[in-house]
Q: 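Quick one: the structure is below, and I'll ask about it shortly.
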Amino acid sequence: MMTQAPPRPQSKWPFGLFRAARIAAKNLFRHNVVIQYPKERYNQPKRSRWAVEQIFADDGSIKCTACKICEQSCPDHCIEIDVETRQDKTKFIHSWHYERAACMMCGLCVEACPFGAIRMGHDYELAHREPGLKSIDLLTEVEAAGARKKEAEDA
Amino acid sequence: MNPWLVALLRALLILLVMLLNGAMAIYMLRKVLGHAHLRLGPTELGPAGLAQLLADIVKLLVKEDRHPNRSDRWLYIIAPFIVFVPSFMTFAFIPFSNKLVAANPDLSLLMMLAFMSIPPLGIFAAGWASRSKFATIGAVRAVGGMITYEIPLLLSALPPVMLAGSMNLQAIVVSQSTSIWYVLPCLPSFIMFLICAQMETSQTPFDMTEADQELVAGFATEYSAMRFGFMYLAEFAENFVMAALAVTLFLGGWTLPGISAAALGPFAVLVFVAKCYILIFLFMMIRGTYSRYRVDHYMEVGWKRLLPISVVWIMVFAAALRVIAMLKGGA
Amino acid sequence: MLNAIAFVILGCAIILGAFSVVTVRNVMHAAYWLLEVAVAVAGLYYFMSAEYIAIMQLLIYVGAVGMLVIFTVMITQRSQVDNERPGVFSLFAFIASGLLFAAIAYGVIKSPSLVASAPQAPMSLLTFGQQLFSTNGWVLAFEIASLLLTVALVAAVWWTKDRDN
């Protein structure tokens, strides 16, 4: 079992000054720890959270069923899903609207999604000059995933 | 040659030295502080960031020079000059080499110290005239600290005078070449001088005046463009002057031990400047290492500890000199 | 020749500064004009070959006493109103000071023994120190002055101490 060493009592002699000077002098020869951004890139951890992205399969199909659980779980109401439920109970997503600039990247929507349709992205260069990228539509005019499954059952 | 022309040329040369020193010191400061903090300093502009200073100067020159509405206009305009001119004048007394000293009166050390006691008034004027809370507090703290540490500064400059027997800076340097460098017998004076120099130039650990987290830019908060540049340049000039004074009084000036003045020749200037910059490097490392003193703490250290210590040390030193003289005379 | 030019310039600076000290509206400006007078007087001392006195004037008057004056002005100012003083003109004061000036000028012009010629070169610091501290010199005055200053310092510290302790 690891025992903590008792804290060093403060002595009345200014030895701390010399320790500080030694550390500073050693620092002069140490390698720089700052990432020089445009030339070097940030090596992100695997689970780092940036903006929300839809997961597309290889054939371009989505897993989102427009259940709106992510919309309800977002604390800032960043997600707005405009979905139309047709007469045969299939859903058609008109727009999956995402206020990317308001998003605090907490990941609650990704945790809440029961179908694993969204994920936290890894793209951190989100600064933009054009005004249209503040709030974007991640999906426009697609069939919700559940609808395709029902079609496959019918066919 | 016409003595007026000679005087004018000397003044221009001193101005050039001051500007070059400012340029080099600013670059050195940013790089040294950067590397002491495990980061690089400026790297983008120019090779290894050398042109950053040029960019800063251009920025300072083209910025709008505006004074706050409620400020005291005359004092606001005059204050940078009160800070800058005495700092500039002190450059004249520094002996760069055997023959290179712009002004060499008999009491050059005293004159230098007298001129260095004027900038605090300019700093106060700057802070007062800005009529903003940051500026006033910064100015009062700066002035309080500077006048406190002026006395130990003067007193710690005395032991070399006692050893050399003259107040002339050139004579002090020359007498150090015949005996040892005065840092050895007067080591406590040297340390006190460095502490007071750190305070007079408002550097950490005594930089309550420009504690950026607390006071924005202290007394210079409401200043922009070249007025700010003046005071900034005056700060670096005073930095060099303090280092030069310490080198002259304690570290042998432009002499090297064992080499005569004639043998050094023109290299004396290089020797002197190198020593000055080693001391400036030391100042910058201290600046980048230690945490800031609180205002009342450094006032307490100045009045209650440093001042009595310097007075007692002078008495002890003078008594020791007398005793040694009596022993030598007797034996 | 240089002395004459310097005297004229410095004299004008002193007179202008002194006049401004008493007439300027802003009290802080008046304090800074006082400093200007002190600096010009230091210059005058320098041209009279009193190098040491000139330096002491700068160190003490400008560095210490000037600072004291400025701090006093700053601390005793309660509001912006206190900063401006009224510029009243008093005929009585004008006549009184004019008479005083005439009396002093008459005394200075009529008695040639008051005016001496300045020494060519300043006294060396060694001689100066020896005369200051020798027993038939000024050492008594020096000691009394330092005693007075010490008493003043102790009294100031005692006055401003917390009375409850």
Q: Measure the spacing between CG of N26(C) and CH2 of W74(B) and express it to the nearest 0.5 Å.
A: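 N26(C) atom CG to W74(B) atom CH2 measures 13.0 Å (nearest 0.5 Å).
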
Q: Testing the basics here: between I55(C) and A114(B), what is the closest heavy-atom pair and its distance to 0.1 Å?
A: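 That would be CG2-CB, 3.7 Å.
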
Q: Using non-hydrogen atoms and a 4.5 Å limit, figure out which bit of I147(B) sits close to chain C: side chain, backbone, both or neither.
A: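 Just its side chain gets close to chain C.
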
Q: What distance do E51(C) atom CD and L107(B) atom CG have between them, rounded to the nearest 0.5 Å?
A: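 Spacing of CD (E51(C)) from CG (L107(B)) equals 4.5 Å.
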
Q: Roughly how far, to the nearest 0.5 Å, is CE of M111(B) from CG of L58(C)?
A: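 Result: 8.0 Å between the selected atoms.
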
Q: Who wins among I60(C), L126(C), V62(C) for the most heavy-atom pairs under 4.5 Å with chain B?
A: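 Most heavy-atom pairs under 4.5 Å with chain B: V62(C).
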
Q: For chain B, which residues from residues 30-39 of chain C lie under 4.5 Å away (heavy-atom distances)?
A: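 Result: Y32(C), L35(C).
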
Q: First locate atom CG of N168(B), then atom CG of L125(C), and finally report the distance between them rounded to the nearest 0.5 Å.
A: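 Separation between the atoms: 11.0 Å.
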
Q: Would you mind checking which part of A129(B) comes under 4.5 Å of any heavy atom in chain C, side chain (CB onward), backbone (N, CA, C, O), both or neither?
A: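 When you check distances to chain C, no heavy atom of A129(B) falls under 4.5 Å.
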
Q: Does V140(B) reach the side chain of F71(C), with side-chain heavy atoms less than 4.5 Å apart?
A: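 Touching, per the 4.5 Å side-chain cut-off.
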
Q: Distance from M167(B) atom CE to Y52(C) atom OH, nearest 0.5 Å?
A: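 Between atom CE of M167(B) and atom OH of Y52(C) there are 6.0 Å.
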
Q: Please check if the number of heavy atoms outside Y61(C) that lie under 6.0 Å from its OH is greater than 12.
A: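 Counting neighbours around OH of Y61(C), 12 or fewer heavy atoms of other residues, nucleotides or ligands fall under 6.0 Å, so no.
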
Q: So how far is it from M74(C) CE to F124(B) CZ, rounded to the nearest 0.5 Å?
A: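 Those atoms lie 4.5 Å apart.
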
Q: Under a 4.5 Å heavy-atom cut-off, does chain B meet the side chain of Y46(C), its backbone, both or neither?
A: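 Y46(C) touches chain B through side-chain heavy atoms alone.
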
Q: Would you mind checking which part of L113(B) comes under 4.5 Å of any heavy atom in chain C, side chain (CB onward), backbone (N, CA, C, O), both or neither?
A: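 Backbone only.
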
Q: Could you tell me whether F92(C) atom CZ has more than 12 heavy atoms of other residues or ligands within 6.0 Å of it?
A: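 Open.
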
